[in-house]
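This report refers to the structure that appears directly beneath it.
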Number of protein chains: 2
Amino acid sequence: MHRPRKEMIAETRAKLIAAARQAFGTIGYAQASMDDFTASAGLTRGALYHHFGDKKGLLEAVIAEIDAEMAARVNEVASRAPTRWQHFVDECTTYIEMALEPEIQRIMFRDGPAVLGDPAQWSNANACVGSMAGHLSALQREGVVVDSLDPETTARLINGASSQASQRIANSNDPEATSKMVVAAFKQLLEGLLSKPQSRPS
Amino acid sequence: MHRPRKEMIAETRAKLIAAARQAFGTIGYAQASMDDFTASAGLTRGALYHHFGDKKGLLEAVIAEIDAEMAARVNEVASRAPTRWQHFVDECTTYIEMALEPEIQRIMFRDGPAVLGDPAQWSNANACVGSMAGHLSALQREGVVVDSLDPETTARLINGASSQASQRIANSNDPEATSKMVVAAFKQLLEGLLSKPQSRPS
DNA sequence: GACAATTACATACGGAACGTATGGGTGTTA
DNA sequence: TAACACCCATACGTTCCGTATGTAATTGTC
C-alpha cells in the first residue's frame, strides 16, 4: 500500500525543515552539520541538495515557515483589541514576546540576517512587517498617527527596536522586571508617533 | 638596527587586525579564509592563533577597534550642539550615518551578533550605547525626558531602530530620498521620549 | 503492460578550512 | 654567553561542504 508520491515528497521536505529548524535554533546555523541533522531526519545530504539547492536554501525555507507562524500568532492575539491604535500596540508587544523564544531570536534575528542579508530584502518573509505597515497607514488616515511618515519605514524601525527589546529581556537575569522596563520604554517611543496628545487606552 | 620587541609585536597585531577588518568588512566573517587574509598581511595562521586564540578572538579585537572609532566620531560631531536634547538627537543621527558604511554594517550589526551573540553582552564594545544612556539620564534629571524610563534600556531600543534605519537607507536605490524619510520617522519616535510638548530645535 | 524517461534520493570523491601539535629562530635575562 | 621565553611558521589530521555519479522507484506513452 503505497502512499501517493506527492505526499512522500512533502514529508521528506517537512522532515528536513523540521530537523534543520531544530539544529539552527539550538546550536546555530554555522555549527549545524548538514550530515548530522539530515541523519537525524533519517536522510542524507543528497535529499537536502535536491530539494533546497544548498544550506542557505534550507535556511530560507525554515525562515518562511517561522515567519508565517509568527504572523498568524500576531494577528490572532492582536485582533481582540478594542481600538486600532491598541491593536497596533498589542501587535508590537506580541511581537516582542514571540521574539523572546530562543529559536526565533537565533534564526530570525541573528543567523538569518548574517547569512541572507537584510531581512527587508527577504522575498518570502515579510508578513509581520507588512501587517504593521498596513495598520500604520490606516491609523494615519484616521488622523491618529502623524501622516508625514512612511509606514513601512516606520514599521522597520519599530521592528528593530522590538528585536533589541526581546534580546534585552531574554538575556536578563530578572526577565520579569526587565520586561516591564523594556515594554514601558518601548510604548513611550511609540507614543511619539501619535499626532496629538489624546486619550490613550491603558 | 632592531626595533624594540614590543613594537614588533604590536605591529603584527595591528596588521592582523587590519587585514581581518578588511576581509570581514567586505566578504564577511564566514567567507573570510584565515589563510588568505593572514597571508595578505605577510603572516600565517600561526600568528593569529598565538595572539587571538581563534577566529572569534580576532573578530572581538576588530570590533573593539571599530567601536572605539565610532564612539570618538559620535562625540566629536555631537558635542557642537547647542542644547543637550539636540546633542542627543545629533548623536543618534550621526550613529545612523556611520552605520551606513558597509564595513560597520557587516561587522557590527550582522556578523558580530551572529558570531558573538547579543551585543549588549560584549565587554569591550559598549562605548556608543553608554554615551547615549548617559545623556538620557542627564536629560531625565533636567526634566526634558520622562523619568520613568531606564536609560540603558531606552538607548538599546534606539540603537536597534538606528541599525534598521541604516540598513534601509543603505539598501535603497534612492538613498538621498529614503534617508530623509528614515530620519524623519526616527526623530518622530524620539519625540515620544519628551516629557511635555515643548519647543523643539529644528 | 512493457519500455523509456524523469524524479528522488544515497553514495563517493575532491577540496577547502579549521585547530592543534610541533619546531625553529630571535630577543631578553642572568 | 648561555639558558630561557616568546613569537611565529610549518605540518598534520579532522571536519565540513559541494559536485558528480549511481540507483531504485515512479510516471508517461504506446
Side-chain angles (χ1 to χ4, degrees), chain A residues 1-62 106-107 111-112 114-117, chain B residues 1-62 106-107 111-112 114-117:
Chain A
M1 179 70 188
H2 290 292
R3 308 272 295 284
R5 176 160 239 217
K6 290 283 185 183
E7 289 186 14
M8 302 298 290
I9 295 171
E11 186 181 336
T12 62
R13 279 182 60 97
K15 283 199 287 189
L16 284 174
I17 291 177
R21 179 171 173 170
Q22 156 68 21
F24 294 165
T26 51
I27 61 177
Y29 176 85
Q31 293 297 321
S33 163
M34 300 165 77
D35 283 317
D36 288 351
F37 68 73
T38 53
S40 80
L43 297 163
T44 68
R45 280 180 311 148
L48 192 159
Y49 280 101
H50 180 73
H51 286 291
F52 301 100
D54 59 353
K55 202 179 181 183
K56 285 171 62 175
L58 181 52
L59 177 60
E60 289 177 13
V62 170
R106 182 101 208 204
I107 296 176
D111 293 346
V115 176
L116 302 178
Chain B
M1 179 69 188
H2 289 293
R3 308 275 292 288
R5 182 162 236 210
K6 290 283 185 184
E7 290 186 14
M8 302 297 291
I9 295 171
E11 186 182 336
T12 62
R13 279 182 61 97
K15 282 199 289 190
L16 284 174
I17 291 177
R21 179 171 172 169
Q22 156 68 20
F24 294 164
T26 51
I27 61 177
Y29 176 86
Q31 292 298 321
S33 161
M34 299 165 76
D35 282 317
D36 288 351
F37 68 74
T38 53
S40 80
L43 296 164
T44 67
R45 280 180 313 150
L48 192 159
Y49 279 101
H50 181 74
H51 286 292
F52 301 99
D54 59 353
K55 201 180 182 183
K56 285 171 62 176
L58 181 52
L59 177 61
E60 290 178 12
V62 170
R106 182 101 208 202
I107 297 176
D111 293 345
V115 176
L116 302 178

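Note on naming: letters A, B, ... go to the chains in the order of the sequence lines (proteins, then strands), and numbering restarts at 1 for each one. What you see is a predicted model, and the numbers here were worked out from it, not measured in a lab.
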Hey, could you give me the [atom1]/[atom2] distance between [X] and [Y], rounded to the nearest 0.5 Å?
{"X": "A:Met34", "Y": "A:Thr44", "atom1": "CE", "atom2": "OG1", "result": "10.0 Å"}
{"X": "B:His51", "Y": "B:Leu43", "atom1": "NE2", "atom2": "CG", "result": "8.0 Å"}
{"X": "B:Ile17", "Y": "B:Thr12", "atom1": "CD1", "atom2": "OG1", "result": "9.5 Å"}
{"X": "A:Leu58", "Y": "A:Leu16", "atom1": "CG", "atom2": "CG", "result": "6.5 Å"}

Produce the list of close N/O pairs, under 3.5 Å, pairing protein atoms with atoms of nucleotides 17-22 of chain D; give distances to one decimal.
unit_1	atom_1	unit_2	atom_2	d
D:dC17	OP1	A:Ala32	O	3.4
D:dC17	OP1	A:Lys55	NZ	2.9
D:dC17	OP2	A:Met34	N	3.1
D:dG18	OP2	A:Tyr49	OH	2.4
D:dG18	O5'	A:Tyr49	OH	3.3
D:dG18	N7	A:Arg45	NH1	2.7
D:dG18	O6	A:Arg45	NH1	3.4
D:dG18	O6	A:Arg45	NH2	2.7

Take the protein atom [atom1] of [X] and the nucleotide atom [atom2] of [N], then report the distance between them rounded to whole Å.
{"X": "B:Lys15", "N": "D:dC7", "atom1": "NZ", "atom2": "P", "result": "15 Å"}
{"X": "A:Lys56", "N": "D:dC16", "atom1": "NZ", "atom2": "P", "result": "20 Å"}
{"X": "A:Ile9", "N": "D:dT26", "atom1": "CD1", "atom2": "C1'", "result": "9 Å"}
{"X": "A:Gln31", "N": "D:dC16", "atom1": "CD", "atom2": "P", "result": "9 Å"}
{"X": "A:Leu16", "N": "C:dA10", "atom1": "CG", "atom2": "C1'", "result": "13 Å"}
{"X": "A:Glu11", "N": "C:dC9", "atom1": "CD", "atom2": "C1'", "result": "14 Å"}
{"X": "B:His51", "N": "D:dC8", "atom1": "NE2", "atom2": "C1'", "result": "7 Å"}
{"X": "B:Arg13", "N": "D:dC6", "atom1": "CZ", "atom2": "P", "result": "15 Å"}

* Could you name each residue pair satisfying side chain to side chain donor-acceptor pair (under 3.5 Å) that touches residues 13-27 of chain A, not counting sequence neighbours? => A:Arg21-A:Glu65, A:Arg21-A:Glu69, A:Arg21-A:Glu103
Under 3.5 Å, which N/O atoms of the protein pair with N/O atoms of nucleotides 4-6 of chain C?
none

* Asked: In terms of side-chain heavy atoms of B:His50, which of C:dA8, D:dA9, D:dC7 is nearest?
  -> D:dC7
* Residue list, salt bridge (charged side-chain N to carboxylate O under 4.0 Å, His left out) with B:Arg45, at least two apart or on another chain -> B:Asp35
* Asked: Tell me, which pairs form a ring-ring contact (aromatic ring centres under 6.0 Å, His included) where one or both residues lie in residues 16-44 of chain A, sequence neighbours left out?
  -> A:Phe24-A:Tyr29, A:Phe24-A:Phe37
* Looking at every strand, decide which applies to B:Leu48 at a 4.0 Å heavy-atom threshold: base, sugar-phosphate, or nothing. => nothing
* To do: Output yes when at least one side-chain N/O atom of B:Thr44 is less than 4.0 Å from OP1 or OP2 of D:dT10, else no.
  => no
* Considering all heavy atoms, the nearest B:Ala20-B:Val62 contact -> CB-CG2, 4.1 Å
* Tell me, which pairs form a salt bridge (Lys or Arg N to Asp or Glu O under 4.0 Å) where one or both residues lie in residues 47-61 of chain B, sequence neighbours left out? -> none
